[in-house]
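The model shown is predicted, which means the values in this text are computed figures rather than measured ones.
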Amino acid sequence: MKRLSLAALAAVAFVTSCSDETTVFSDTEDNISLEAKESVLENSILYDDAGVLEINNTDGTSGKTSKTIEEMAGDYPLTLIARVDPPSYTGAENLTASHVDVDGNYAYVSYNTVEDGYAGGIDIIDVSDPNNPRVTSRLYYSNADINAIAYDDGYVYAVGGVDAEKSVRATANSFVVKIPASGGRLDTSGDLVYGFQEGFTANDVKISSDGVLVTSGKDGLLTSYKSTDLSTQNDVSFSDLRSVAHNNGTIAVLDASNGVSIMDTDFTVSQEISISSDFGDNSKRTLDFSGDRIFVSEGSKGAGVYNMTSGDLVQYIPILLNPEGTESENIVTNAVAINEDVLLMANGGAGLCLSEEKDGQTNIIGVVDLDGSINFVASKGDYIFAASGKAGLQIVKLNRPDESLEARCSDLLYYSGSSNLSVNEGETKEYKGSKWFNTLNVNGSLLLCGTWAVKNSSYINSGGLFEMNGTLYIGRNNSKKNITVNKDATLRIEGNLTVYGDIILNDGATLEFIGDDSVANVFGSVKKLGSAKVTGEFRDVRNKF
């Protein structure tokens, strides 16, 4: 750990902004430190639970998980790529992930402490290679909680809370800081610019074309800062701010004492949506846009969906599960996130709920099999980032099918059927799509085009042929499963094969990789028996061949 100088705190240059409530500071001295040991960053990525994720359905009445006699293959072949262990340092051994922002190949994660005092951190995670996510930079704050984070154009904007009475610099408990970041690395060698504003603690930040939007909790402000120097452009007070969202010049804030206010960039309110839900005291609650609707996390009620123009309630999406032994105050919707037609709800001790938007309605798919209490969720592109308290950040891949792959397999039918896919001897089956399976058993000929996840061990039996164009996942790291290719059987891969277990090639078996970009990511061993052979060009991620 490389500590920055803590001297010369008195040599702080400050500029009073156009608002009486906000002061901007620029200095190079702070209670911050950068992690210098690459081994610490590398060891923060954990694969203990990595692998295929099950989505638990409910019967819609009891809230208990249930399965039909013949379970159908699932539409979401999700996989847990890895978990990120929270930062830990003297005085901050119990940090929790508080917020995530995703931009390009990087996820920017903030951490705070739920205990007394202030401590926090920031991670940058490179997810350009889904087989090997990496923590590329880590920053520690010994005197401040970091409650939310956003990245824009070479800078990280982090907001949080600090004890203004103990700080030499702070004029209020709520702050925003601008930190240079490029290539996955935070840079604290130059000036860091701070802004302070009234409110219990800064709890959300969004970057718009007009500036940096920050909310600051009870008796706080919605403030718009200039992104260049964090000088205040505009602010407006609210009773109990929790979150801010923006979309094409429209801004929405969630005030726990009243509901949602929708306004323009000048903070002129055009619509107020009254919400009487109990949002809890000082709890994380978020909102998000989707078309002409706005989704609000409403604690024990689940998520509320409202028409942005009329303010009318469209529907409530309830919390599905009531896990035995989980305290009721921990079964609440803390955050919502929308990624195209997918709605995600971080439901605390009731897990991560996945729903699908179709024809103006949101239909529940089920609860993703993730450990821990899910306190925040963000999603962009093909990834879901779920903050699960002290268990850290969980990186989930949606595994949406590749469009170019779909074009190549355009004449095939989409798979729709049992989660136990079996191909009999002499039978040929060919499908495209993106599905989750319980088991896969091939005695004849099978071609799958798309993205596929299999929970249990899979078999290509004697004389069988299994061809896969796209991506295939087998098993999970805490419940290892194998793929076995038996005598005179062939497994032909064009794309990505990930096995959380062993590849077993019995005597006479063939594993063939075709194309120029195939990848094998094997967490167990590759066992070649007798005359079994592996052919073709491919990237061996973990050097198991």
Side-chain angles (χ1 to χ4, degrees), residues 1-4 6 28-46 82-103 106-127 133-151 155-163 166-167 170 173-181 184-189 192 194 201-205 214 284 335 372-373 375-376 378 385-395:
M1 187 185 298
K2 182 178 75 173
R3 287 224 169 254
L4 303 179
L6 298 178
T28 57
E29 317 302 334
D30 207 344
N31 295 325
I32 64 176
S33 54
L34 286 173
E35 181 57 70
K37 293 182 179 178
E38 287 296 327
S39 60
V40 172
L41 301 182
E42 291 173 4
N43 293 334
S44 297
I45 300 291
L46 305 177
R83 183 170 63 84
V84 181
D85 215 16
S88 181
Y89 55 94
T90 303
E93 290 82 9
N94 294 305
L95 294 183
T96 61
S98 56
H99 202 98
V100 187
D101 188 39
V102 186
D103 186 276
Y106 294 100
Y108 301 83
V109 187
S110 62
Y111 298 90
N112 62 13
T113 178
V114 296
E115 299 170 349
D116 291 337
Y118 295 89
I122 296 172
D123 275 347
I124 301 180
I125 304 168
D126 184 349
V127 292
R134 297 182 302 119
V135 179
T136 55
S137 191
R138 173 169 284 178
L139 181 148
Y140 307 99
Y141 259 95
S142 64
N143 68 336
D145 283 337
I146 309 297
N147 299 324
I149 195 167
Y151 173 85
Y155 291 92
V156 163
Y157 297 85
V159 302
V162 66
D163 189 339
K166 295 180 179 180
S167 172
N173 287 349
S174 300
F175 75 91
V176 55
V177 59
K178 179 181 179 181
I179 307 173
R185 298 282 181 178
L186 293 159
D187 179 8
T188 58
S189 61
L192 301 185
Y194 287 82
T201 185
N203 51 21
D204 203 4
V205 56
V214 179
K284 187 89 170 182
S373 179
N375 301 319
F376 183 79
F385 298 88
S388 50
K390 295 177 183 178
L393 182 77
Q394 306 197 59
I395 305 173

Review point. Of all heavy-atom pairs between V100 and A107, which one has the smallest distance, and what is that distance?
Key: CG1-CB, 4.3 Å
Review point. Can you tell if the side chain of I395 reaches within under 4.5 Å of the side chain of I125, non-hydrogen atoms only?
Key: yes
Check your understanding: Heavy atoms, side chains only, cut-off 4.5 Å: are H99 and D204 in contact?
Key -> yes
Practice item. Can you sort out the partners of D187 under side chain to side chain contact (heavy atoms under 4.5 Å, CB included), two or more places apart, ordered by chain and number? Key: P180, S189
Exercise for review: Could you walk me through whether N147 and T201 pass the side-chain hydrogen bond (donor to acceptor under 3.5 Å, both in side chains) test, one step at a time?
Suggested key: CA-CA 8 Å; N147 299 324; T201 185; 2.9 Å; yes
Review point. Would you call L41 and E35 a side-chain contact if the rule is heavy atoms closer than 4.5 Å?
Key: yes
Practice item. Output, in order, the C-alpha distance, side-chain angles, deciding distance and verdict of side-chain contact (heavy atoms from CB on, under 4.5 Å) for Y118 and N143. Key: CA-CA 5 Å; Y118 295 89; N143 68 336; 5.5 Å; no
Point to revise | Exercise: identify the closest heavy-atom pair between A158 and I122 | key: CB-CD1, 3.9 Å
Point to revise | Test log, rule side-chain contact (heavy atoms from CB on, under 4.5 Å), inputs V156 and L139 | key: CA-CA 12 Å; V156 163; L139 181 148; over 6 Å; no
Check your understanding: Do the ring planes of Y151 and Y108 sit parallel (below 30°), tilted (30 to 60°) or perpendicular (above 60°)?
Key -> parallel
Practice item. Please tell me if the side chains of V109 and I149 come closer than 4.5 Å, counting only heavy atoms from C-beta onward. Key: no
Check your understanding: Is there a side-chain contact between I45 and V135 (heavy atoms, below 4.5 Å)?
Key -> yes
**Study point:** Y140 side chain near I146 side chain, heavy-atom distance below 4.5 Å
**Key:** no
Check your understanding: Which heavy-atom pair separates A119 from Y89 by the least distance, and what is that distance?
Key -> CB-OH, 3.6 Å
Practice item. Output yes when a side-chain donor or acceptor of R185 lies under 3.5 Å from a complementary backbone atom of T136, and no otherwise. Key: yes
Revision key, fill the gap. Residues passing the side chain to side chain donor-acceptor pair (under 3.5 Å) test with T96, sequence neighbours excluded, are N112
**Study point:** Interatomic spacing from CG in L95 to CG in D123 - rounded to 0.5 Å
**Key:** 10.0 Å
Exercise for review: Check the pair V127 / V102 against side-chain contact (heavy atoms from CB on, under 4.5 Å), numbers first and verdict last.
Suggested key: CA-CA 10 Å; V127 292; V102 186; 5.8 Å; no
Practice item. Count the heavy atoms of every other residue, nucleotide or ligand shown that sit under 6.0 Å from OH of Y106, and state whether that count exceeds 12. Key: yes
Point to revise | Closest approach of S174 to A202 (non-hydrogen atoms, all atoms of both residues) | key: OG-N, 3.1 Å
Point to revise | Residues which pass side chain to side chain donor-acceptor pair (under 3.5 Å) with S110, listed by chain and number, not counting sequence neighbours | key: S98
Exercise for review: Show your reasoning for whether side-chain hydrogen bond (donor to acceptor under 3.5 Å, both in side chains) applies to R138 and S44.
Suggested key: CA-CA 10 Å; R138 173 169 284 178; S44 297; 3.1 Å; yes
Exercise for review: Give a yes or no answer on whether the side chain of R83 reaches the backbone of G392 with a donor-acceptor pair at less than 3.5 Å.
Suggested key: no
Practice item. For A181 and L186, work out which heavy atoms get closest and say how close. Key: CB-CD2, 4.0 Å
